[in-house]
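See below for the structure under consideration.
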2 protein chains.
Amino acid sequence: MSERVYNFSAGPGVLPEAVMKKAAEQMLNYEGSGMSVMEMSHRSKVYQSIIDGAEKSVRELMNIPANYKVLFLQGGASMQFAMVPLNLMKNGKADYVNTGEWSTKAIKEAQRYGDVKVVATSEPEVFNHLPKINESDFRADADYVHMTSNNTIFGTSWKKYPDVKGKPLVVDMSSDILSKVINVNDYALIYAGAQKNIGPAGVTLVIIREDLIGCARPETPTMLNYKTHADNGSMFNTPPTYGIYIAKLGFEWLQSMGGVPAIQKINEKKAAMLYDAIDNSKLFKCHVQAKEDRSIMNIPFRTPTEELDKKFLADAAKEGLVTLSGHRKTGGMRASIYNAMPVEGVEKLVAFIKKFDKEN
Amino acid sequence: MSERVYNFSAGPGVLPEAVMKKAAEQMLNYEGSGMSVMEMSHRSKVYQSIIDGAEKSVRELMNIPANYKVLFLQGGASMQFAMVPLNLMKNGKADYVNTGEWSTKAIKEAQRYGDVKVVATSEPEVFNHLPKINESDFRADADYVHMTSNNTIFGTSWKKYPDVKGKPLVVDMSSDILSKVINVNDYALIYAGAQKNIGPAGVTLVIIREDLIGCARPETPTMLNYKTHADNGSMFNTPPTYGIYIAKLGFEWLQSMGGVPAIQKINEKKAAMLYDAIDNSKLFKCHVQAKEDRSIMNIPFRTPTEELDKKFLADAAKEGLVTLSGHRKTGGMRASIYNAMPVEGVEKLVAFIKKFDKEN
């Protein structure tokens with residue numbers, strides 16, 4: 001295609017077109033430096049200004065308090081599944097809530113390092129809702145509680161977190177960070193792979209309360225110790241320089257859109273349009289029927305038959321509505337409508353859903 | 001500056017201008033996909049063709065035998081400093097040769113996991129030459145021998161490796177991979193951070209003989225186990241997709257230049273020009289006086305005074321010859337002349353050295 005498509009990929013996913021254009025323009029010569037950001041020494045003043053700018057913008061966007069460190073790491077959420085227990089599981093006990101594929105992986109990795117209690121799970125119902133949590137099930141001596149804010153595959157998300165009674169709350173926000181206003185003070189550690197709402201794959205944002213740094217277990221590799229990176233401004237070794245630059249452009253784009261409160265309104269509008277179209281159709285059905293549990297980022301849905309699903313996907317692709325296949329665990333379709341998905345993309349998808357519903 | 005400079009950075013460093021141009025052209029729409037490579041699902045057919053293409057090209061360039069896996073990982077050489085002992089130190093013993101800053105760091109990390117013998121070191125002489133190795137000093141029961149092929153900071157490089165008597169030879173080739181012809185069969189494991197001769201920071205190339213995979217120590221985090229990545233074609237989780245794409249463009253550029261034998265000739269020519277200019281000057285002196293130990297990638301040198309060094313750096317920058325500061329451990333200057341540094345860049349630097357030598 002000669003035109004850009006509307007890309008509903010669950011991640012890596014759509015990025016703001018303005019960011020891509022700026023990156024293309026600056027590729028050979030960043031702001032008169034005579035070189036690409038990709039070619040810059042991470043120890044140069046100009047690169048320092050880029051990583052500092054990225055941190056400054058994300059601190060402003062999320063209103064991150066001064067007693068939290070902002071780290072730009074590598075390895076994705078999957079690396080955090082090990083880093084969290086290695087750094088935080090001092091007494092060898094942690095409580096996890098299982099709400100999907102990624103929670104399950106986080107639990108499996110943590111179990112390698114200590115005693116993990118799964119406090120609640122919705123696995124028996126293919127994670128099509130969020131489990132009820134009995135707060136008294138949290139253990140008084142657990143080192144932390146781990147949750148997943150938004151479940152990319154199954155399309156659920158937490159609107160309110162349980163009272164964890166002062167224990168550190170660790171949340172994987174990979175698929176909804178920066179999509180809605182949160183109070184960072186409510187969390188001890190937030191992590192997110194960049195490739196959904198931040199920038200390119202290969203950057204992981206970690207926001208960690210300072211008092212949790214410096215307690216890593218002795219077997220922790222230097223590179224997996226939060227202290228290593230906190231003490232060195234994410235530059236203990238060469239960071240993923242270009243990815244951090246794109247993240248900075250993305251943060252600045254979000255600021256230009258009015259910040260998180262403004263994008264939250266847009267996200268809620270986009271999600272409402274899409275859920276309404278699906279709920280009011282005769283053919284389509286959402287994976288998540290519990291409306292209060294629905295994600296505003298990832299919306300899995302399907303028709304009554306695999307045959308119709310295939311036809312939908314093929315016809316949608318012809319209209320420039322792409323990467324709408326559902327995950328194999330849910331089948332059907334999934335529309336991921338991250339911050340960078342324009343309202344027009346969702347409007348076009350909604351119109352296509354209505355047309356398909358009428359004609360099939 | 002409105003023009004591109006000649007960037008002698010030690011890394012991240014210069015990339016081929018043709019690669020940067022192609023990346024800029026394809027930024028908003030990769031080959032008719034309607035999206036940037038940065039926005040693509042790593043599970044898409046089009047992205048699979050990119051990572052497969054990257055592997056195919058590097059296998060061709062380095063003539064990598066079929067019994068070696070090629071992995072695209074994250075975390076840089078610093079992560080390998082832990083991954084190597086975690087995966088290979090079965091009996092808890094390894095022999096290391098210390099030839100610089102990075103060797104020292106690799107040794108320090110390995111010591112956390114077992115008994116490390118430093119078989120030879122040139123640390124007392126600020127690593128200004130390669131130490132003599134007595135092959136009988138290698139321990140018969142060491143799990144592997146670790147060496148650093150090229151010492152970025154100090155400017156030495158191995159032309160010939162010692163006989164390690166059948167033990168696995170692990171080599172950090174971060175700063176000279178693909179710069180000269182090697183026989184992969186001579187090595188058990190080769191690793192290299194991408195940001196010198198491959199592509200952007202945030203990608204680490206690992207070439208590992210298959211029989212070394214699957215023996216990781218029990219405490220090894222899943223993401224640090226070579227088997228995790230070998231079993232999943234480097235896609236256990238989302239890889240650094242854009243960096244791998246740039247690496248692919250870089251590999252293809254190198255193929256278009258005639259491959260490694262051709263670039264080796266060019267690299268030797270560039271290095272000879274520069275060493276000759278320095279050796280034949282009255283002002284300048286190389287850090288490495290032992291000619292047989294000299295690197296063809298990184299050339300640290302200096303004038304008799306810090307004042308003149310500063311003047312050199314300032315005047316050179318005005319001519320578009322930049323990032324020539326030496327590392328704080330050597331002082332003075334350093335010219336890193338990786339594959340992507342054009343002959344014209346070195347010619348211009350040589351002319352400037354001669355002019356400066358005459359006028360000062």
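Treat the numbers as computed from the prediction; the structure is a model and nothing was measured. So you know, we letter chains A, B, ... as the sequences are listed, proteins then strands, and number each from 1.
Contacts classified as salt bridge (Lys or Arg N to Asp or Glu O under 4.0 Å) and involving residues 218-240 of chain B (residues at least two apart or in different chains) are given here: B:Arg217-B:Glu219, B:Lys227-B:Asp231.
The 12-atom threshold is exceeded at NZ of B:Lys348, counting heavy atoms of other residues, nucleotides or ligands nearer than 6.0 Å. A 6.0 Å sphere centred on NZ of B:Lys105 holds more than 12 heavy atoms belonging to other residues, nucleotides or ligands.
Both the backbone and the side chain of A:Lys21 have a heavy atom closer than 4.5 Å to some heavy atom of chain B. For A:Tyr6, no part lies under 4.5 angstrom from a heavy atom of chain B. Both the backbone and the side chain of A:Thr222 have a heavy atom closer than 4.5 Å to some heavy atom of chain B. The contact between A:Met40 and chain B is made entirely by backbone atoms, counting heavy-atom distances below 4.5 Å. Contact of A:Leu73 with chain B is not made at all, since no heavy-atom distance falls under 4.5 Å.
Here the closest heavy-atom approach between residue B:Arg4 and residue A:Leu28 is recorded as NH1-O, 2.8 Å. Annotation for B:Met27 and A:Ala24: closest pair CB-CB, 3.8 Å, computed over non-hydrogen atoms. Considering all non-hydrogen atoms of both residues, B:Ser41 and A:Thr323 come closest at CB-CG2, 4.4 Å. Scanning both residues, B:Arg112 and A:Pro218, for their nearest heavy atoms gives NH2-O, 3.0 Å.
With chain A as the partner, the residue from B:His42, B:Glu25, B:Gln26 showing the most heavy-atom pairs under 4.5 Å is B:His42. Per-residue heavy-atom pair counts under 4.5 Å with chain A were compared for B:Gly199, B:Ser44, B:Gly13, B:Ser9, and the maximum is reached by B:Gly13. Of the residues considered (A:Leu224, A:Thr241, A:Ile246, A:Leu15), A:Leu15 shows the highest number of contacts with chain B, using heavy-atom pairs under 4.5 Å.
Residues A:Val14 and B:Met35 have side chains not in contact (no heavy-atom distance under 4.5 Å, counting atoms from C-beta outward). At least one side-chain heavy atom of B:Ser36 sits less than 4.5 Å from a side-chain heavy atom of A:Met20. The shortest distance between side-chain heavy atoms of A:Tyr47 and B:Pro12 does not fall below 4.5 Å.
Put simply, OG on B:Ser325 and CZ on A:Arg43 are 14.0 Å apart, with the number rounded to the nearest 0.5 Å. Here the OH-CE distance, from B:Tyr242 to A:Met38, works out to 4.5 Å after rounding to the nearest 0.5 Å. Distance check: A:Thr238 OG1 to B:Gln195 CD gives 4.0 Å after rounding to the nearest 0.5 Å. Remark: A:Asn237 CG to B:Trp102 CH2 distance equals 6.5 Å, nearest 0.5 Å.
Residues of residues 74-85 of chain A lying under 4.5 angstrom from chain B, judged on non-hydrogen atoms, are A:Gln74, A:Gly75, A:Gly76, A:Ser78, A:Met79, A:Ala82 in numerical order.
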